[in-house]
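Following: one structure in structure tokens, then a few remarks.
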2 protein chains.
Amino acid sequence: MATEPDRTSDGKLPTIRDVAARAGVSVMTVSRVINKQSWVSPKTRSRVEEAIAALNYAPSAVARALAGSDDRRVALLYRASTTSAYLGELLLGALDNAADHRLHLVVERCDGASAEEIVAQVQHARVSGVILPPPLCDWRELIEALAAKKIKAVSIAPDIVDSGELTIAIDDKHAAFEMTRHLIELGHRNIGFIKGNPQHRASARRLEGFRQAMRANGLSDDEQWIVPGDFSYRSGLDAAERLLDLPVRPTAIFACNDDMAAAAITIAHQRQIDVPAQLTVCGFDDTPLANAIWPTLTTIHQPIRDMSREALALLAAEIREGGTANPHVKLDYRLIRRQSDAVPPRRPKTGV
Amino acid sequence: MATEPDRTSDGKLPTIRDVAARAGVSVMTVSRVINKQSWVSPKTRSRVEEAIAALNYAPSAVARALAGSDDRRVALLYRASTTSAYLGELLLGALDNAADHRLHLVVERCDGASAEEIVAQVQHARVSGVILPPPLCDWRELIEALAAKKIKAVSIAPDIVDSGELTIAIDDKHAAFEMTRHLIELGHRNIGFIKGNPQHRASARRLEGFRQAMRANGLSDDEQWIVPGDFSYRSGLDAAERLLDLPVRPTAIFACNDDMAAAAITIAHQRQIDVPAQLTVCGFDDTPLANAIWPTLTTIHQPIRDMSREALALLAAEIREGGTANPHVKLDYRLIRRQSDAVPPRRPKTGV
DNA sequence: TTGAAAGCGCTAACAT
DNA sequence: ATGTTAGCGCTTTCAA
């Protein structure tokens, strides 16, 4: 059973013309069949479909892009600072339904460029929409510059914004709130927090969720319990040292991402502090790392792949229908309990 | 300073015609300038270049693909089983110099398809070359089917093969040999080995390197010290349990990749076996994980990004010059010593 | 050394 | 319901 496309005598792939000839119709009719457009009589349609099948014809994306109103190309922009694992997930999600939406995805790096330069780059790439993962999603100038040129942009995990831009996000603040509440319910009172890279606005949102939960439970969100970090494992090492050097040691550490949480666990190991018996550590993101360390990490699952999938769907709707019911998609996060959290040590269950 | 492309009055990007008009030459001349082709008088050339700069013109890749002999598109094929981190690295490397080679990279998933179906898919995608990461690189049928259709394929990290196909690889066998020798030099005699996914031929090569090193040093590569795994963290957990349950426990474990090594460390932690004081563990690949666990992992660094970069260069040469001096590129690996290896325990340094 | 003509494979805008 | 006519932006002939 040959799935392979037939080739005309000159060794080229079949074109729409070959299909038209074989079906005895005009190329336009074939085009309509392909695009499920306007009305084609069932009889003609099936003749064309037979010819397509017989020739194993598939339209050329390139020719379509050139001839069509070119609203089929979208770009996934990224900076070198984005980890390849995150980028890989985004890519897989986007690729996943690019074909369904008849969109062609191009991946473009835009390092060190000014907002204007990036707009130029995007225009040259002939794309009509872009996906902006962090930290690009929080770059107001860029978003406005793109909007000024009528290039649709969908931000992945940006700060909440008032303008009409498209966004895909999880509720970082509420997720952090929930994780903190979870720790408090476990019995923790002294909870340390390791902040994320300040360039990523998500960091601020997570911190805010932490603070709210602490205050909501009558606990103090004292500055000394909140230490800086930048999402890197290295920074997590330093941050954890600082927290564990505190006069009153926290019984739990909530890190703004998994890498830093892993670092905290490392420091605990080095100091012979048992996790979770003596110290609870939890993270955020649920990267593969969370499952590859010991103890496995309690964390917030962020559906990265779904996010880019949704981003693409949003772009498709925006580009073609010129608008969507809801331009702000909120995806669900999940608190994943694994082995790194427990009740705090030395706290009698009941009575004095 | 506006880098942004000018737009003609109708709001579209400048085309080659606009450039031609502005420079007072024919479009053909502009085309020649762009492609640095044949002879254009320096005077004309500079006039054209001025016009290009003034208009901030950039040629449309789409139009070029359609008009040209289309030898500019290459695909990165992958299966869903490939981890997004690995895929992300490959992608970044490939993207990195796709532009330099004037190649357009498309990323295509090809799951569950037969070799013939994949060939059809590739032909429909109108690409003239493909990059095959593992495990596709070891699929003989596919490689032959592609060759039969004159589609250039470059395999990343395949088995050594006799046919004239293009390959990029590190010397897995020798890397494993070196790591094993390193362990032996440290004083280890009882070394356990966790095998990789048998579908990836690299697994066999690494095992072979291990075996050779053991035998070369008069040690036995007894089957009981060699346990199955499939590259997953989970499988590493089981494998490590088996090794540590052996009547004579190994003093070192060499896992076929980092994930399984991390799993071995986890098991050791659980059994209160100190790594590396009581047990040496090392991995292979040098993924980000190697640096995010404690102790950090001694492993073999594999330059994934460079591999796809080279793959692209190879394809470019092959597609355009129709051949290369050396179709088998060998990249360097590096043994990275971190904290998970040490001399074996309870072995007096000297004398009895 | 340069230019004119003829497409590449498809679709949009009009016919019919 | 179907066909005709023009391109999309560029490159490949071939001619000058």
Side-chain angles (χ1 to χ4, degrees), chain A residues 5 7-8 10-48 51-52 55 57-73 102 104 123-126 128 320, chain B residues 5 7-8 10-48 51-52 55 57-73 102 104 123-126 128 320:
Chain A
R7 288 165 167 276
T8 42
D10 52 346
K12 313 187 85 175
L13 290 171
T15 75
I16 195 171
R17 267 188 275 276
D18 300 321
V19 176
R22 196 176 214 280
V25 298
S26 75
V27 292
M28 213 33 239
T29 304
V30 177
S31 174
R32 286 186 181 110
V33 170
I34 296 169
N35 296 293
K36 306 180 195 317
Q37 247 191 25
S38 59
W39 278 124
V40 180
S41 78
K43 218 187 304 183
T44 321
R45 155 158 288 143
S46 70
R47 267 228 311 287
V48 171
I52 289 178
L55 262 34
Y57 161 83
S60 150
V62 166
R64 284 179 135 176
L66 185 56
S69 355
D70 210 357
D71 276 358
R72 309 190 175 295
R73 289 162 58 84
R102 304 226 358 232
H104 185 75
Q123 289 189 311
H124 282 148
R126 260 85 172 171
S128 40
R320 286 213 255 285
Chain B
R7 286 165 166 275
T8 41
D10 53 345
K12 312 188 86 176
L13 291 172
T15 75
I16 196 172
R17 267 188 276 275
D18 300 321
V19 176
R22 198 179 213 278
V25 298
S26 75
V27 292
M28 216 26 245
T29 305
V30 177
S31 172
R32 286 186 181 111
V33 170
I34 296 170
N35 296 293
K36 305 180 196 313
Q37 245 191 26
S38 63
W39 276 121
V40 180
S41 78
K43 220 187 301 181
T44 320
R45 155 158 288 141
S46 70
R47 267 226 314 286
V48 171
I52 289 178
L55 261 33
Y57 162 83
S60 149
V62 166
R64 283 180 137 176
L66 183 56
S69 352
D70 211 356
D71 275 356
R72 308 190 177 295
R73 290 161 58 84
R102 304 221 6 225
H104 185 74
Q123 290 190 309
H124 283 148
R126 261 86 172 168
S128 40
R320 285 214 255 285

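Scope of the values below: all heavy atoms of this structure, side chains included, with no hydrogens, waters or symmetry mates. By convention in this document, chain letters (A, B, ...) are assigned in the order of the sequence lines, proteins followed by strands, and residues within each chain are numbered from 1.
- When rounded to the nearest whole Å, the span between CG of B:L13 and C1' of D:dG9 equals 11 Å.
- Residue A:T44 has a polar side-chain atom (N or O) positioned under 4.0 Å from OP1 or OP2 of D:dT2.
- Of the two residues contacting DNA chain D, namely B:R32 and B:A58, the nearest-nucleotide position lying further toward the 5' end is that of B:A58.
- Each of D:dC10, C:dC10, D:dT2 was ranked by its minimum atom distance to the side chain of A:A67; first place goes to C:dC10.
- Applying the 4.0 Å criterion to OP1 and OP2 of D:dG9, one finds that B:T15 has every side-chain N and O outside that range.
- Axis angle between the ends of the helix from C:dT1-D:dA16 to C:dT16-D:dA1, five pairs each and rounded to 10 degrees, works out to 30°.
- The CD1-P distance, from A:I16 to C:dC8, rounds to 13 Å in whole Å.
- We find that CG of A:L66 is positioned 11 Å from P of C:dT11, with the value rounded to whole Å.
- Looking only at side-chain heavy atoms (C-beta outward), B:I16 and B:I34 come within less than 4.5 Å of each other.
- OP1 or OP2 of D:dC8 has not a single side-chain nitrogen or oxygen of B:S60 nearer than 4.0 Å.
- Between A:R64 atom CZ and D:dG7 atom C1' there is a gap of 18 Å when expressed in whole angstrom units.
- The phosphate of C:dC8 (OP1 or OP2) has a side-chain N or O of A:R17 nearer than 4.0 angstrom.
- Here A:T29 reaches the OP1 or OP2 of D:dG3: one of its side-chain N or O atoms lies under 4.0 Å away.
- Taking atom NE2 of residue B:H124 and atom P of nucleotide C:dC10, one finds them 10 Å apart after rounding to whole Å.
- Summary of the strand contacts: B:S41 and A:S31 both lie near DNA chain C, and taking for each the nucleotide with the nearest heavy atom, the more 5' one is attributed to B:S41.
- Atom pair A:M28:CE and D:dG3:P shows a separation of 11 Å (rounding to whole Å applied).
- A close approach under 4.0 Å does not occur between any side-chain nitrogen or oxygen of A:S26 and OP1 or OP2 of D:dT4.
- To the nearest angstrom, P of C:dG3 lies 14 Å from CZ of B:R45.
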>> Checking B:L66 against B:V62 for the side-chain contact (heavy atoms from CB on, under 4.5 Å) test, could you report, in this order, the C-alpha distance in whole Å, the side-chain angles of both residues, the deciding distance, and whether it holds?
In response: CA-CA 6 Å; B:L66 183 56; B:V62 166; 5.7 Å; no
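- Side chain of A:R126 to main chain of A:R73: no donor-acceptor pair is present (N/O by atom type, distance under 3.5 Å, no hydrogens or angles).
- Rounded to an integer number of Å, the gap from CD1 of B:I52 to P of D:dC10 is 10 Å.
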